[in-house]
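In what follows, a structure is listed as structure tokens, so that the remarks can point back to it.
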2 protein chains.
Amino acid sequence: MDGLRETAELLKVVAHPARLEILQKLETEILCVSDMEELLGVGQSNVSQHLSILRRSGLVDCYVEGKLRCYFLKDPRVIDILVLLKKKYDDPLPAPACCPTRPHAQTKKTAASL
Amino acid sequence: MDGLRETAELLKVVAHPARLEILQKLETEILCVSDMEELLGVGQSNVSQHLSILRRSGLVDCYVEGKLRCYFLKDPRVIDILVLLKKKYDDPLPAPACCPTRPHAQTKKTAASL
DNA sequence: TCACTATATTAATATATTACAAGATGTGAA
DNA sequence: TTCACATCTTGTAATATATTAATATAGTGA
């Protein structure tokens with residue numbers, strides 16, 4: 001985690017349903033803008049803006065093929081994030097085991113550590 | 001990934017430097033609000049707001065200890081996200097190997113697959 | 001060159017987030 | 001009770017983000 005700022009910035013870029021969907025599709029396909037327009041059901045300029053954000057942050061890149069711009073994933077973190085988001089979790093983390101006696105900045109103890 | 005909406009919502013909650021820092025600290029310690037106030041160097045009401053967002057989304061929870069509220073991590077996804085964000089990546093993903101001939105929705109080919 | 005298509009950019013507006021200040025609530029101690 | 005402390009909630013102004021429409025650019029083929 002470089003800086004908190006930059007990390008948050010990266011997450012913010014991914015934290016949009018349209019951009020998430022774009023990234024998800026790009027995991028398996030190369031797509032041009034009009035593909036995505038159809039896919040997402042939003043206007044062309046909106047797609048283009050989202051792509052511009054994704055490009056600016058280095059998550060995707062594109063090459064030109066005639067009139068089309070073919071977008072593909074560039075940042076390896078995207079793959080890992082998408083995998084993680086698909087993962088299933090059964091239980092919440094174990095709650096701290098005891099009611100602590102010294103309230104400030106105590107070291108965390110979980111059920112497992114007793 | 002349940003729905004894109006909810007997933008984006010989760011990411012948005014994490015995508016703030018102050019909240020990231022809180023979550024990071026909670027990985028190893030239980031903290032009360034005034035601890036975090038000091039830690040983050042922002043006002044108490046602001047900390048409280050961030051905690052309220054984290055609580056509402058189920059990422060953290062707290063128990064009451066006298067006058068203090070002791071916060072701890074609840075959602076296991078947080079741990080995985082933090083681990084991932086700390087991971088180092090050397091190279092970008094391989095660019096698509098060839099300039100495709102059929103532009104629309106082609107299956108992605110990478111250098112590795114040639 | 002001209003018209004057409006694909007995409008990018010800009011501008012205008014609506015909406016959401018953020019930080020800060022002030023007041024409300026709840027708990028423990030005198 | 002009353003006070004002091006820890007935290008939460010609400011109001012608000014500043015800023016950021018999203019959406020949509022309009023316009024600009026760039027490649028292609030007639």
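Lettering of chains follows the sequences in order, A, B, ..., and the numbering in each one begins at 1.
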Rounded to whole Å, the CD1-P distance (B/I53 to D/dT10) equals 14 Å
Legend entry - Side-chain N or O of A/H16 closer than 4.0 Å to phosphate OP1/OP2 of D/dT19: yes
To the nearest angstrom, the CZ-P distance between B/R5 and C/dA16 comes to 11 Å
In the structure I gave you, are the side-chain heavy atoms of B/I81 and B/V78 within less than 4.5 Å of one another anywhere? no
A/E9 atom CD is separated from C/dT17 atom P, nearest whole Å, by 15 Å
A/L54 atom CG is separated from D/dT17 atom C1', nearest whole Å, by 14 Å
task = For D/dG27, take OP1 and OP2 only and decide whether either is under 4.0 Å from a side-chain N or O of A/R69.
result = no
Any side-chain donor paired with an acceptor under 3.5 Å for A/R55 and A/Y71? yes
Which of A/L26, A/V60, A/L59, A/D61 passes side chain to side chain contact (heavy atoms under 4.5 Å, CB included) with A/K74? It is A/D61
Atom pairs and distances, donor-acceptor, side-chain atoms in residues 36-46 of chain A, under 3.5 Å, two or more places apart:
| from | atom 1 | to | atom 2 | distance (Å) |
| --- | --- | --- | --- | --- |
| A/N46 | OD1 | A/H50 | NE2 | 3.2 |

In whole angstroms, the gap separating P of D/dG29 from CG of A/L68 amounts to 12 Å
Side-chain contact check for B/V33: nearest option of D/dC8, D/dA6, C/dT17 is D/dC8
* Asked: Would one find a side-chain N or O of A/H50 under 4.0 angstrom from OP1 or OP2 of D/dT17?
  -> no
A/D80/B/K87 ion pair, N-O < 4.0 Å:
yes
The single option from A/L82, A/V14, A/L10 that satisfies side chain to side chain contact (heavy atoms under 4.5 Å, CB included) with A/R77 is A/L10
Between A/Y71 and C/dA8, does any side-chain N or O lie under 4.0 Å from OP1 or OP2?
yes
### Query
Checking salt bridge (Lys or Arg N to Asp or Glu O under 4.0 Å) for the pair B/E27/B/K86: CA distance, chi angles, key distance, verdict?
CA-CA 13 Å; B/E27 240 184 321; B/K86 277 175 208 128; 3.1 Å; yes
Numerically ordered, the residues 36-49 of chain B set in heavy-atom contact under 4.0 Å with DNA chain C is B/S45, B/N46, B/Q49
Rounded to whole Å, the CG-C1' distance (A/L20 to D/dA18) equals 16 Å
Worksheet item: Within the structure, does a side-chain N or O atom of A/K12 lie under 4.0 Å from either OP1 or OP2 of C/dT17?
Response: no
From CG of B/D61 across to P of D/dT7 the rounded distance in Å is 15 Å
Considering only heavy side-chain atoms of A/R19, the closest of D/dA18, D/dT17, C/dA8 is D/dA18
Margin query: Check this one for me: any side-chain N or O of B/S34 less than 4.0 Å away from OP1 or OP2 of D/dC5?
Written below: no
Note: for B/K67 and A/A15 on DNA chain D, the residue whose nearest nucleotide lies more 5' is B/K67
Whole-Å distance, B/R55 CZ to D/dT7 C1', equals 9 Å
